[in-house]
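Okay, structure first, notes after.
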Amino acid sequence: MERIHIIQGDITKIEADAIVNAANRTLLGGGGVDGAIHRAAGPELLEECRKLNGCETGEAKITKGYKLPAKYVIHTVGPVWKGGDKNEDQLLASCYRNSLKLAVENGIKTIAFPSISTGAYRFPVERAARIAMQEISEFLREDSSIEKVFMVCFDEGTMQAYMEAYKEIEKNG
Ligand code: AR6
């Protein structure tokens, strides 16, 4: 569990082997964290993304990081919140799991996640935080190659939700 670090900040500034992008299925950019990552990485990122033919919800694809301090960007597509009975929980869990799997396959040891789906896609943040912390800690229990996972929260409220969820998991194992 001590491999998980919840911090507040801008993910585009994080010096990790990879940062995760909360993208959409086109992988051709957008607003929020996706827009920030594309701006910071420069136009070469979009060039590489064009060759990927999009990405399904819950899945993940990898590119280089270009001008970012991170070497790689792992693009994943979170579910749009539609009330909770459209498989949203499972799809969000898949985003974390598939991003971590791709990280391991690429020899990535440090990775930073944003709060996937809780912005434009409107997934309730407390619920998303529990799913994220659960998936990450479960994954780390089985894997020893990933050294650090940063959960990068943009605002105070998001940070609090992830800290709470983390504490619950620490307590209950
Ligand atoms: N660093 C870290 N977190 C950030 C940053 C940043 N620089 N900027 C925003 N956030 P969102 P989604 C937070 O909307 O809900 C895009 O248009 C933000 O405050 O970026 O998965 C895509 O192209 C929130 O807590 O992603 C898709 O169309 C979290 O990142 C769609 O939005 C996620 O908010 C994806 O929506």
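Both counts, for ligands and for their atoms, begin at 1 and track the order of listing. Because the structure is predicted, anything quoted here is derived from the model rather than measured. Values reported hereafter were calculated over all heavy atoms of this structure, with side chains retained and with hydrogens, waters and symmetry mates removed.
Considering only non-hydrogen protein atoms, atom 3 (N) of ligand 1 sits nearest to F154 CB, 3.6 Å. With respect to atom 30 (O) of ligand 1, the closest heavy atom belonging to the protein is V33 CB, 4.0 Å. For atom 33 (C) of ligand 1, the closest non-hydrogen atom of the protein is S115 O, 3.2 Å. Looking from atom 21 (O) of ligand 1 to the surrounding protein, the closest heavy atom is S117 N, 2.8 Å.
Taking both residues in full, the closest heavy atoms of T12 and L68 are given as O-CD2, 3.7 Å, listed atom of the first, atom of the second, then distance.
Assignment of G78 to the shell around ligand 1 is not supported, since no heavy atom sits closer than 4.0 Å.
Near G31, with a cut-off below 4.0 Å to any heavy atom, the atoms of ligand 1 are 16 (C), 17 (O).
Polar contact check, T12 against ligand 1: no nitrogen or oxygen pair lies under 3.5 Å apart. Considering backbone and side-chain atoms together, A36 places no N or O closer than 3.5 Å to any N or O of ligand 1.
Of the listed residues (D10, I14, I19), just one forms a side chain to side chain contact (heavy atoms under 4.5 Å, CB included) with V152, and that residue is I14.
Remark: side-chain polar atoms of T158 are not paired, donor with acceptor, to backbone N or O of F154 under 3.5 angstrom.
Proximity of the aromatic rings of F150 and F113 is defined here by a centroid distance below 6.0 angstrom, and this criterion is not met.
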